[in-house]
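Since the structure comes first, as structure tokens, the remarks are kept for the end.
Letters A, B, ... are given to chains in the order of the sequence lines, protein chains preceding strands, and every chain is numbered from 1.
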2 protein chains.
Amino acid sequence: MNISDVASSTGLPVKTIRYYEDIGLIAPARSANGYRQFSDSDLHKLAFIGRARSLGFGIDACRDLLRLYNDQTRASADVKKLAQSHLGEIDRKIAELGQMRATLSHLVDACAGNDRPDCPILADLAADRSKA
Amino acid sequence: MNISDVASSTGLPVKTIRYYEDIGLIAPARSANGYRQFSDSDLHKLAFIGRARSLGFGIDACRDLLRLYNDQTRASADVKKLAQSHLGEIDRKIAELGQMRATLSHLVDACAGNDRPDCPILADLAADRSKA
DNA sequence: GATAAGGCCTCCAGTTACTGGAAGGTCAAG
DNA sequence: CTTGACCTTCCAGTAACTGGAGGCCTTATC
């Protein structure tokens, strides 16, 4: 299988697949002409990584997950720990974005959005927050 | 005012302030010894940027906001449009993270988290999603 | 056999918004 | 006069790709 076939079957861009080889996530064979030859195992690995990435796991976490996946003696506790830690990260980000959203949405609602220059959004950004 | 005073009064790291000068957000004066001398206006600008950044606006958006702020003939509609667009971005991100959170949380709940190797999380990641 | 299209290759640079560190000048205190 | 805290610039690295240049390889067509 050539790289573009793998790309269309995993949904990953060709460039991304090459990049994953660069950083050592996969190591596809090469044919005589230098083209990458992907095995079913490579394909499977890439799909695995793609799925993990789509759940927001970072590359290093993907590496860990792949290692755990290939380790028959793993404890599910280790996987769970990794996933929980990532879940915590996600929750933190959601909370942060939610906070931004609340403030910003409030400001947007307060803004007339007309031809006049008066704007509560700019007023908020420029407000002096140095108390004392 | 020297840079470290500005840093402590704006809450921005010294490095970040220098970076903001590099990319042209501010242009503090220099004293004879080459030290940056920050005016009240510089300070105000930095506080403005810091606040905008904390609401998740990107650097380019900050530039636009600053420009609008300094333009007495602005229309609040332009500010609102910018803010709404950013709000949309935030909503998109929250939705994406929420989706991840839902899936991941489901998987984490399903995982025993014990010494056994069986793990629904890994099973999900490895699942063949190629529906022919 | 020539050529053109398309796929593949590598390598380099750019993206976002900083952050860390090295090498070195400046300033106030003791 | 030296120590330590500032300040300066410049270079490199972060996360995870993405775009593009320059150049083989392959396949189809004339």
*Is the shortest distance from a Lys or Arg side-chain nitrogen in B:E89 or B:R92 to a carboxylate oxygen in the other one below 4.0 Å?*
yes
*asked:* Salt bridge check, A:D124 against A:R129: does any charged N sit closer than 4.0 Å to a carboxylate O?
replied: yes
*asked:* Test side-chain hydrogen bond (donor to acceptor under 3.5 Å, both in side chains) on A:S31 and A:N33; report intermediate values, then the result.
replied: CA-CA 6 Å; A:S31 34; A:N33 59 13; 3.2 Å; yes
*Side chain of B:Y20 only, please: which of D:dT26, C:dC18, D:dC17 is the nearest?*
C:dC18
*Would you say B:L55 and B:I90 make side-chain contact, with heavy atoms under 4.5 Å?*
no
*Quantify the bending of the helix from C:dG1-D:dC30 to C:dG30-D:dC1 as the angle between its end axes, each fitted on five pairs, to 10°.*
30°
*Rounding to a whole Å, what distance do you find between B:E21:CD and D:dC10:C1'?*
14 Å
*Looking at B:C111 and A:S76, what are the two nearest heavy atoms and their distance?*
SG-O, 3.7 Å
*OP1 or OP2 of D:dC25 sitting under 4.0 Å from any side-chain N/O of A:R36?*
no
*For B:R18 and B:V14, what are the C-alpha separation, side-chain angles and deciding distance, and is it a side-chain contact (heavy atoms from CB on, under 4.5 Å)?*
CA-CA 6 Å; B:R18 290 206 193 97; B:V14 166; 3.5 Å; yes
*Using a cut-off of less than 4.0 Å, is there contact between a side-chain N or O of A:N33 and OP1 or OP2 of D:dT26?*
yes
*Return the value, rounded to whole Å, for the distance between atom CD1 of B:I17 and atom P of D:dT8.*
10 Å
*Please give, in whole Å, the distance from D:dC7 C1' to B:D5 CG?*
12 Å
*Linking I/L/V/M/F/W/Y whenever any side-chain heavy atoms sit under 4.5 Å apart, do B:L107 and A:I94 land together?*
yes
*A:D91: what forms a side chain to side chain donor-acceptor pair (under 3.5 Å) with it, not counting sequence neighbours?*
B:R101
*Take atom CD1 of A:I23 and atom C1' of D:dG13, then tell me their distance rounded to the nearest Å.*
16 Å
*Stretch residues 45-61 of chain B: residues that reach within less than 4.0 Å of DNA chain C through a heavy atom*: B:R53, B:G58, B:I59
*Passes side-chain contact (heavy atoms from CB on, under 4.5 Å), B:F38 versus B:I26? Steps please.*
CA-CA 10 Å; B:F38 294 85; B:I26 51 169; 4.0 Å; yes
*Going by distance alone, is a donor N or O of one side chain under 3.5 Å from an acceptor N or O of the other, for A:D71 and A:T73?*
yes
*Let me know the distance between CG of B:L12 and P of C:dC18, rounded to the nearest Å.*
8 Å
*Establish, from distance only, whether the side-chain atoms of B:D42 and B:Q37 form a donor-acceptor pair under 3.5 Å.*
no
N/O-N/O pairs, protein side and nucleotides 2-4 of chain C side, under 3.5 Å:
none

*Among D:dT8, C:dC8, C:dT10, which nucleotide sits nearest the side chain of B:I3?*
D:dT8
*Exercise: identify the closest heavy-atom pair between A:A83 and B:I121*: CB-CD1, 3.8 Å
*Just by protein heavy atoms under 4.0 Å, how would nucleotides 19-25 of chain C read 5' to 3' in B, S and -?*
SBB---B
Side-chain atoms of residues 58-69 of chain B: list all donor-acceptor pairs with protein atoms under 3.5 Å, sequence neighbours left out, distances to 0.1 Å.
residue, atom, partner, partner atom, Å
B:R63, NH1, B:I23, O, 2.8
B:R63, NH2, B:I23, O, 3.4

*Charged N-O contact under 4.0 Å between A:K93 and B:E96*: no
_side-chain N/O B:R30 vs D:dT9 OP1/OP2, d < 4.0 Å_ = yes
